[in-house]
Protein chains: 2
Amino acid sequence: MVGVATIRRKRTNRRTYHHGDLGPALVREAARTIRTDGVEAVTLRDVGRRLGVSRTALYRHFADKAALLAAVAREGFQGFSRELREAWNADSGGLQGFRAMGAAYIRFARENPAHYRIMFGQFRDLCDSDPALADDASASFQVLLDALAALERDGAIPAGGDRHALGHFIWASMHGAAMLSIDGQLGAGPAAADALTALMVDRVSAAIATRP
Amino acid sequence: MVGVATIRRKRTNRRTYHHGDLGPALVREAARTIRTDGVEAVTLRDVGRRLGVSRTALYRHFADKAALLAAVAREGFQGFSRELREAWNADSGGLQGFRAMGAAYIRFARENPAHYRIMFGQFRDLCDSDPALADDASASFQVLLDALAALERDGAIPAGGDRHALGHFIWASMHGAAMLSIDGQLGAGPAAADALTALMVDRVSAAIATRP
DNA sequence: ACCTGAACACCGTTCAAGT
DNA sequence: ACCTGAACACCGTTCAAGT
C-alpha cells in the first residue's frame, strides 16, 4: 500500500517535471528527429513540443543547442565503436575481420547518415561544446589501431612501420567513401554501396599488405 | 566628348541599377564571405548590404539562396578542375604527375576549405537548384579518369581493369583525407597536412600499382 | 531545482508597389 | 526589367517570473 502510494507520488512528480529526466529524453528525441528528418529539422521548439515542454526547458540541461547535438554525436561514436569492434570479433580478427570492419564502417554511415554527418561534419564545433566528444572519437580510431596491431602480430601485414599513419590512411579512405556514398555521389542504392564497399576493402587491403 | 557623355550616362545607369550586373556580383560577394567567414555567415541581408542593394534584390537573379550557393559551388569545381589539370601537366603526367595531382587535391581543399565543404557537403541539395553543378563535378572527376587512361597507356599502372572503379577509390580516399584535414581531425597545421599528403599519395599509388 | 512566457535579434521568402 | 519596403513565418537565446 505504501509502495503503491510512493509510486503514485513519483508518477505525479514525473508528470510535473515531465518524466523526470528531461536531459536524456532530449537527446533521445533529437536523435530520433535527426534519424528521420536530418539535422536541419532539429529545432528546440519542435523537440520541446514533442516532449510536452517549453522551448527553453533545454537550457536547464544543456548549455545550448550545440551541446545537445554534441551529446547525440557522442552516442553516435559509441555505437560506431561497438559495431566496428563486433565486426572485427565476429570473424575472429585476421584479414577477414579487417574486411568485415571496413564493411561495417560503410554500413554504419549508410544506416545512420544524419548521425554520421554530425559526428564528422561538425566535429570541431561540437568538441568546443563537449570536449569528451574527442575521447569518444579517439576510442573509435583505437578500435582500428588495435586491429592493425593484431594483424602485425600475426604477420598478416608488415610490422615495424608507422601504425598511426597507416590508421590515418585507412580512416581517411573509408571516411571519404562513406561520405560520398551517403551523399549519393558514387551512385545511389544498395547495389552501388556494395560495389563501393568491395572496391574500398580490396584496394585498402592491397595498400596495407605491402610497404609503399 | 560624345564618348565621355556616353560613359557618364552608363555610369549613372550602373549606379541606378547598382553596377549593372548584380548576378555575378552576388556570386563574387558570397564567395568572398564564404572564404573569410564560412558558409553559415552568408546571409542575403549581409550580401545585399555589402553591394548596396536590398536583401530581396537577389530574387531577380536567383531562384533562392540555394541557387546562389550552387553558383559558388560551380565556380569551385571549375577552379578545382583547373588546378588538378595544371598539376598533372606541370610534371608532364606520369606517376610524378599523378602524385602532384594528389597534392593539388589536398592543397585546394586546405586553401579553400569553405568552398570545398559546399562543393561536397551540400552537393545533392545544390544539384536540385542547379543541375549543371553535376556537370562541373563530373568534369573534375574526368581529369582524374584522363590521367588514369594516360598512366595505363604508358604502362605505369596495369591496364584492362575497371578504370571508373579505380577512379572512385582514388577520389574517395583523397576526399576523406581532404575533409579530415580541413576539419583538423588528423592533426592541425601545415606540417600535419604535408605528412598526410605524402602518406595518401604513397599509399594510393601503391594501391593502384597492382591489381587487388 | 526545474520550468514557463514574453521579449529580442536574427533568418529566408513573398508580394504589392515603385522607377 | 530591376529593385524596394513591409510583412510573414520561422529561428536560438536571454531573463524575469512562477512552482
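Everything numeric here is computed off the predicted structure, so don't read it as measured data. Below, chain A is the first sequence line, B the second, and so on; all start at residue 1.
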If you compare all heavy atoms of [X] against all heavy atoms of [Y], which two are closest, and at what distance to 0.1 Å?
{"X": "A:Leu151", "Y": "A:Leu95", "result": "CD2-N, 3.8 Å"}
{"X": "A:Ala193", "Y": "A:Ser181", "result": "CB-OG, 4.3 Å"}
{"X": "A:Trp171", "Y": "A:Ser140", "result": "CH2-CB, 3.8 Å"}

### Message
Students often get this wrong, so: under 4.0 angstrom with heavy atoms, is B:Val47 touching a base, only sugar-phosphate, or nothing?
### Response
nothing
Just how far, in rounded Å, is [atom2] of [N] from [atom1] of [X]?
{"X": "B:Leu51", "N": "D:dC2", "atom1": "CG", "atom2": "P", "value": "16 Å"}
{"X": "A:Glu40", "N": "C:dC11", "atom1": "CD", "atom2": "C1'", "value": "16 Å"}
{"X": "B:Leu69", "N": "C:dG12", "atom1": "CG", "atom2": "P", "value": "10 Å"}
{"X": "B:Arg49", "N": "D:dG5", "atom1": "CZ", "atom2": "C1'", "value": "15 Å"}
{"X": "B:Lys65", "N": "C:dT13", "atom1": "NZ", "atom2": "C1'", "value": "12 Å"}
{"X": "A:Leu44", "N": "D:dT14", "atom1": "CG", "atom2": "P", "value": "11 Å"}

### Query
Would A:Tyr105 and A:His175 count as a close aromatic pair, with their ring centres under 6.0 Å?
no
### Message
If the test is side chain to side chain contact (heavy atoms under 4.5 Å, CB included), which one of B:Leu68, B:Leu69, B:Leu22, B:Leu44 qualifies with B:Phe62?
### Response
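Of the listed residues B:Leu68, B:Leu69, B:Leu22, B:Leu44, the side chain to side chain contact (heavy atoms under 4.5 Å, CB included) partner of B:Phe62 is B:Leu68.
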### Summary
Dot-bracket for DNA chain C, 5' to 3', Watson-Crick and G-U pairs with both distances under 3.5 Å, [ ] for crossing pairs, | for partner on another strand, reads ||.|||||...|||||.||
### Message
Short of 4.0 Å, heavy atom to strand atom, which residues of residues 54-64 of chain A count as contacting DNA chain D?
### Response
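The answer is A:Thr56, A:Tyr59, A:Asp64.
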### B:Asp162 (side chain) donor-acceptor with B:Ala165 (main chain) under 3.5 angstrom
yes
### Message
What I want to find out is whether B:Arg110 reaches B:Asp194 closely enough, with some N-O distance under 4.0 Å, to be called a salt bridge.
### Response
no
### Query
Is it true that atom CZ of A:Arg50 has more than 12 heavy atoms of other residues, nucleotides or ligands lying nearer than 6.0 Å?
yes
